[in-house]
Asks: 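My questions all concern the structure below.
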2 protein chains.
Amino acid sequence: MPDINQLSVLEGSENSSTNGMQKRLAAIRSSQDRCSLLFESLNGVIGELEDNYKLSSDKGSSDECSSDKSSNNGSSRKNKSLSPILLKKSSDNEFSAYDDRYPMTDPFDSSLVVIGPSGTSIGRHFYNTIQWSSSSAATRQLLVNIFPGEVLATHTLTGKPSPAFLGRERPSKDQLDPAKTTDIVYIVTNKCGVSAREVRATITTKCADSAKKYRKKRMTF
Amino acid sequence: MPDINQLSVLEGSENSSTNGMQKRLAAIRSSQDRCSLLFESLNGVIGELEDNYKLSSDKGSSDECSSDKSSNNGSSRKNKSLSPILLKKSSDNEFSAYDDRYPMTDPFDSSLVVIGPSGTSIGRHFYNTIQWSSSSAATRQLLVNIFPGEVLATHTLTGKPSPAFLGRERPSKDQLDPAKTTDIVYIVTNKCGVSAREVRATITTKCADSAKKYRKKRMTF
DNA sequence: GTTCCAATTGGAA
DNA sequence: GTTCCAATTGGAA
C-alpha cells in the first residue's frame, strides 16, 4: 500500500527521529497489512454470499454479465447496495494516496477504463470480468490482458537478473513497462486491499510461469 | 481488531517525537478508526446478503455446508450458517481453526507458555517481549528463541533442496522440527492475523539469512 | 493447463 | 548487523 511507504518520508525530514519511531511505524504498517488481509477475507465472504444468492435467486443468468445489470428492477437492489459499500471500503482503505479518480472512464473513449495514474487503460468489458475477490487472479487477469503472452515470457518485473544465477546467467530479460505494472499494482492494492508486495510477487510468478510455458514450446521443436 | 488497539501504546511513550509526527499519527489513527467502522459495515452487508440468501434459497442448497447443518432447526440456522462461512474464510487466511487454548500456560511449569497444539513451549518472559505488531518480527523472534543459530543456518523449512539448483546442489539441509515450525505458524497467524504463507516465507528467509551469516564466518577462517 | 510453493543468491533498504 | 527483495527452478496442488 503506497500510503504506508510514503511514511518513510518522515524519516528524511526529521533527523531527530528515533529508532523507537521506526518501530512504531513498522507497527502501524503491519497492522495496516493485517487490515488489508481482513478486508480481503471479508470481500471473499461477500463474494461467496453474493454468488450463493445469485445462484438461488436467478438461476439462469451467468455471474459476471454486468452490462445489463443496471436495468434489473427490484431484485437489483441487493446488488446495488453491495457495490457502493465495497467501493467505499476500497477508498477508505487507502488511507492517503488513493485517488478516487481511478478506475475512471477514458475521457476519449468510453469503452475504455483507466486503471491508474500512469494512464493504463483496459476494455470496459474486460474490466467487468475481473475477479477482485482474489488478488492473484485479478493480477494475472490484468497481466494477460495488458501484455502479450510472449512479452510476459520474456520480461520480468524489474528486468534484473537473478542474483542466485550469477555466473550462470540466463538470457537476460527486459523490464515490463513500469507504467503499466505500477498501475496494475495500484488498482489491485486498492480494489483488493492487499499489499503491493503481494501483487508484485504475483507478477514475478506470472512472468516465470509464462517463460516456462514458452520454454516448453521451444523444447518441442 | 486487537492490533489497532495495541497502537494506542504509541501514545504512552513519546519523548522526542515532534508535533508534525503527532499529527501524522493522529491521521493514521483516525483512518484506522474508519477501518473499524467499515468492518462493522461490511459485517452488516454480510448479514444482509445472508438474510436475502436464506429468504430465497430455502431449498436444500448444495454448497459447502458441513455435514451437521441439516440437523439444525429453524431459529439457530442463521447464526450457525454465517459462522461457518466466516470461519472457513478465516481459515483461508490462517486465522484458521483457532483454538482458544493457545497460548496457554504450561500445566507443569507456570514459567512456560505453550504456543500451539504441537506443544512447543517458550519462556513466559520471552513471550511477553514478542512484538506481535509485526508478523515478521514476531516470527523471527520466535525462531531465534526456539532454535539455536546454527540450527537455523543448517536447516530449512522443508529440508528439500532448491529446485533451481538441481545439478548444482548445495550441501543439503535438514528440516526444522515441523512440530515447532507449525506451532510458530499457528501462533503468529492467530496473533497477527496474517497468512501462513507469509509466516512460512519469513521462516524460509530467516534460515537463508542465518546460513549466509555462518557462511561469512567460515570465509574468515 | 495454470497457479502456487520454497530454496538459493547478492545487494538494496 | 539484520531484514527484505525478486529471479530462477521443478514439481506439487
Side-chain angles (χ1 to χ4, degrees), chain A residues 5 7-8 11-12 19 22-23 25-26 29-30 33 131 134-141 143-144 149 152-176 181 185 195-217 219, chain B residues 92 131 134-141 143-144 149 152-176 181 185 195-217 219:
Chain A
N5 295 333
L7 286 175
S8 61
E11 297 156 20
N19 192 23
Q22 308 263 11
K23 284 181 184 166
L25 288 174
R29 200 176 307 127
S30 84
D33 283 347
Q131 297 177 273
S134 161
S135 65
S136 65
T139 303
R140 285 172 178 264
Q141 284 179 284
L143 284 170
V144 300
L152 289 176
T154 56
H155 291 63
T156 61
L157 222 206
T158 65
K160 295 176 185 169
S162 167
F165 284 73
L166 281 183
R168 190 204 187 197
E169 255 86 16
R170 296 302 186 247
S172 81
K173 295 178 177 175
D174 286 336
Q175 182 178 26
L176 286 174
T181 53
V185 171
S195 65
R197 183 190 173 199
E198 204 156 329
V199 181
R200 294 173 64 83
T202 301
I203 296 175
T204 294
T205 305
K206 180 60 181 173
C207 286
D209 290 337
S210 298
K212 216 179 294 185
K213 192 174 87 174
Y214 276 74
R215 187 151 44 102
K216 272 187 183 167
K217 275 192 185 170
M219 306 281 281
Chain B
D92 285 354
Q131 298 176 274
S134 161
S135 67
S136 66
T139 303
R140 286 171 177 264
Q141 285 180 281
L143 284 170
V144 300
L152 289 176
T154 57
H155 292 62
T156 61
L157 223 207
T158 66
K160 295 177 186 170
S162 167
F165 283 74
L166 281 182
R168 189 204 188 197
E169 255 87 15
R170 297 302 186 247
S172 81
K173 295 178 178 175
D174 287 337
Q175 182 178 26
L176 286 174
T181 52
V185 171
S195 66
R197 184 188 172 200
E198 204 157 329
V199 182
R200 294 173 64 84
T202 302
I203 296 175
T204 294
T205 306
K206 180 60 182 174
C207 287
D209 289 338
S210 298
K212 217 180 293 185
K213 193 174 86 174
Y214 275 74
R215 186 150 45 103
K216 270 185 184 168
K217 274 191 184 169
M219 306 280 280

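Heavy atoms only: backbone and side chains are in, while hydrogens, waters and symmetry mates are out. Given the structure is predicted, the values throughout are model-derived calculations rather than measurements. Quick note on labels: first sequence line is chain A, next is B, and so on, each numbered from 1.
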Asks: Applying salt bridge (Lys or Arg N to Asp or Glu O under 4.0 Å), run through B:Asp209 and B:Lys212 and close with a yes or a no.
Replies: CA-CA 5 Å; B:Asp209 289 338; B:Lys212 217 180 293 185; 3.8 Å; yes

Asks: When you compare the side chain of B:Arg140 with that of B:Thr205, does any pair of heavy atoms fall below 4.5 Å?
Replies: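 Yes, at least one pair of side-chain atoms sits under 4.5 Å.
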
Asks: Taking the side chain as every heavy atom from C-beta outward, state whether B:Ile203 and B:Val185 have any atom pair closer than 4.5 Å.
Replies: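 SC-SC contact between B:Ile203 and B:Val185 confirmed.
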
Asks: Using the C1' atoms of the five pairs at each end, what is the angle between the end axes of the helix from C:dT2-D:dA13 to C:dA13-D:dT2, to 10°?
Replies: 40°

Asks: Quick one: is B:Arg215 getting a side-chain N or O under 4.0 Å of the C:dT8 phosphate, OP1 or OP2?
Replies: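 The answer is no; no side-chain N or O of B:Arg215 sits under 4.0 Å from OP1 or OP2.
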
Asks: Below 4.5 Å, heavy atoms only, C-beta onward: do A:Thr204 and A:Thr158 meet side chain to side chain?
Replies: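 When only atoms from C-beta onward are counted, A:Thr158 and A:Thr204 do not touch, as no gap falls below 4.5 Å.
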
Asks: Can you confirm whether A:Thr154 sits close enough to A:Lys173 that some side-chain heavy atom of one is under 4.5 Å from a side-chain heavy atom of the other?
Replies: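 They are not in side-chain contact.
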
Asks: From CG of B:Leu152 over to P of C:dT8, roughly how many Å is that when rounded to an integer?
Replies: 13 Å

Asks: Work out which heavy atom in A:Ala153 is nearest to a heavy atom in A:Tyr214; give both atom names and the distance.
Replies: CB-CD1, 3.5 Å

Asks: Measure from the side-chain N and O atoms of A:Gln175 to the backbone N and O of A:Leu157, and report whether any donor-acceptor pair falls under 3.5 Å.
Replies: yes

Asks: So if I define the base as every atom that isn't primed, P, OP1 or OP2, how would nucleotides 1-7 of chain C read as a B/S/- string at a heavy-atom cutoff under 4.0 Å?
Replies: -SBBSBB

Asks: Rounded off to whole Å, could you give me the CG-to-P distance for the B:Leu166 and D:dA12 pair?
Replies: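 In whole Å, D:dA12 P and B:Leu166 CG are 12 Å from each other.
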
Asks: Given side chains that start at C-beta, do those of B:Thr139 and B:Glu198 come closer than 4.5 Å, heavy atoms only?
Replies: no

